[in-house]
There are 2 protein chains.
Amino acid sequence: MGPLDGYLPYLLNRAGARIAMAFSDEVRPLGSTLQIWRVLAALRERDGRRMGDLSETISIEVSTLTRLVDGMEKKGLVARRRDAADARAVTLHVTPAGRRMTRIILPIAERYEKVAIEGFSEAEVMVLKTALRRLFDNMDGLRKS
Amino acid sequence: MGPLDGYLPYLLNRAGARIAMAFSDEVRPLGSTLQIWRVLAALRERDGRRMGDLSETISIEVSTLTRLVDGMEKKGLVARRRDAADARAVTLHVTPAGRRMTRIILPIAERYEKVAIEGFSEAEVMVLKTALRRLFDNMDGLRKS
DNA sequence: CGTATTTATTTGTATTTACAAATAAATACG
DNA sequence: CGTATTTATTTGTAAATACAAATAAATACG
């Protein structure tokens, strides 16, 4: 166990990369990708989000998101709509096909959540999640100063 | 706080993405990138690693790593050497310029570690790091079965 | 009201990345 | 020993990504 193993950003990246890779491998045969799932999951939480909101929420650069959404639209998973209140903005809406895809992937995502925290006590999971939220906020603070 | 905020892979990705972005912004003006730093940090831990070992360690696809190392070699940060014991393998070695770059970036990396865990108790940091290692192992187990 | 500035998204384009195929050396084993 | 298989890396190539510029609508404010 070298210095890397004690370095938090390293541990974070390593854990994230592993989950991402495993999950990607699993949803690809279903005609989806991790990024597509991120969009669907964010829209499941709240449909009709704007591109910018979505970008912030799922940590995907907005120019990257535009093209990701292009693809999802072509697949019929989502539909763009011009925001009625502000014509600059575009809102995204899941279609029936998108909901179908969500229904297929959701159990997989739930399984990953379980596998990831296997062997953890409730309290440890709580501390972990709280820590990750706090860590995010700490970095967010840095961004503005 | 919607369902996403309770979903561990989401929290993990979000925290990792934020640190990565902030760190990238900071090292770019110094002529480096996050990926370059990952290689340098891994070689700092142990010089003369093989490509495959490096790839595993820093979670960068080996074909991606090849081209990343191409660039680092052109910048004079590292040198490839054919492994004496096994001519299939290539070992990577930091150069003086690479060590210089490491010396410049290391304090930044250390600062990020500190900022990330600001407000955390020692115990919380311990739990967090242990959890991230365990989480990684859990996913690793899945990969083989 | 009309122009300047800000905000939201998209597009241009170069770089990064990933999967698969190619290369090359080591090992297995008939 | 020689051929088949495995292992380590690189290369081909298409897709994903990011930064900057372009577009377009809203807001500020003279």
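Throughout, protein chains are lettered first and strands after them, A, B, ... in sequence-line order, and every chain is numbered starting at 1. When reading the values below, keep in mind they use all heavy atoms of this one structure, side chains included, and skip hydrogens, waters and symmetry mates.
For dA21(D), the paired nucleotide is dT10(C), the pair qualifying as Watson-Crick or G-U wobble because both relevant distances are below 3.5 Å. If you check dT5(C) for Watson-Crick or wobble pairing at under 3.5 angstrom, you find it paired to dA26(D).
Distances shorter than 4.0 Å separate none of the side-chain N or O atoms of S63(A) from OP1 or OP2 on dT10(C). Note on T66(A): a side-chain N or O is less than 4.0 Å away from OP1 or OP2 of dT10(C). A close approach under 4.0 Å does not occur between any side-chain nitrogen or oxygen of R82(B) and OP1 or OP2 of dA8(D). The shortest distance between the side-chain N/O atoms of Q35(A) and the OP1/OP2 oxygens of dT17(D) is below 4.0 Å.
Among the atoms of the strands shown, only primed sugar atoms or phosphate atoms (P, OP1, OP2) are found under 4.0 Å from some heavy atom of V90(B). When heavy atoms are screened at a 4.0 angstrom cut-off, R50(B) is found touching the sugar-phosphate backbone but no base atom.
In this pair, Y112(B) and F23(B) present their aromatic rings perpendicular. The plane angle is above 60°, beyond the 30 to 60° band.
Using a 4.0 Å cut-off between a side-chain N of Lys or Arg and a carboxylate O of Asp or Glu, E110(B) and R103(B) do not qualify as a salt bridge. Salt bridge annotation for D70(B)-R80(B): present, with a cationic side-chain nitrogen under 4.0 angstrom from a carboxylate oxygen.
Considering only side-chain atoms of R67(B), the nucleotide from dT10(C), dT11(D), dT7(C) that sits closest is dT11(D). For R80(B), taking side-chain heavy atoms from C-beta onward, the closest of the listed nucleotides dT17(C), dT10(D), dA25(D) is dT10(D). When distances are taken from the side chain of R88(B) to each of dA25(D), dA8(D), dT17(C), the shortest belongs to dA8(D). For M51(A), the listed nucleotide lying nearest its side chain is dT10(C); candidates were dT11(D), dT17(D), dT10(C).
The distance from atom CZ of R38(A) to atom P of dA16(D) is 14 Å, rounded to the nearest whole Å. Rounded to an integer number of Å, the gap from L92(A) CG to dA8(C) P is 16 Å. Between the CG atom of D70(B) and the C1' atom of dT16(C) there is a distance of 13 Å, rounded to whole Å. Note: CG (N13(A)) to P (dT17(C)) measures 11 Å, nearest angstrom. Whole-Å rounding puts the L68(B) CG to dT11(D) P distance at 15 Å. Nucleotide dA16(D) holds its P atom 19 Å from the CH2 atom of W37(A), rounded to whole Å. Between M21(A) atom CE and dA18(C) atom P the separation is 9 Å, expressed in whole Å. Note: CG (L34(A)) to C1' (dA15(D)) measures 15 Å, nearest angstrom.
Using a distance-only test at 3.5 Å, with no hydrogens or angles considered, a donor-acceptor pair links the side chain of S55(A) to the main chain of I60(A).
Around CZ of R44(A), the count of heavy atoms belonging to other residues, nucleotides or ligands within 6.0 Å does not exceed 12.
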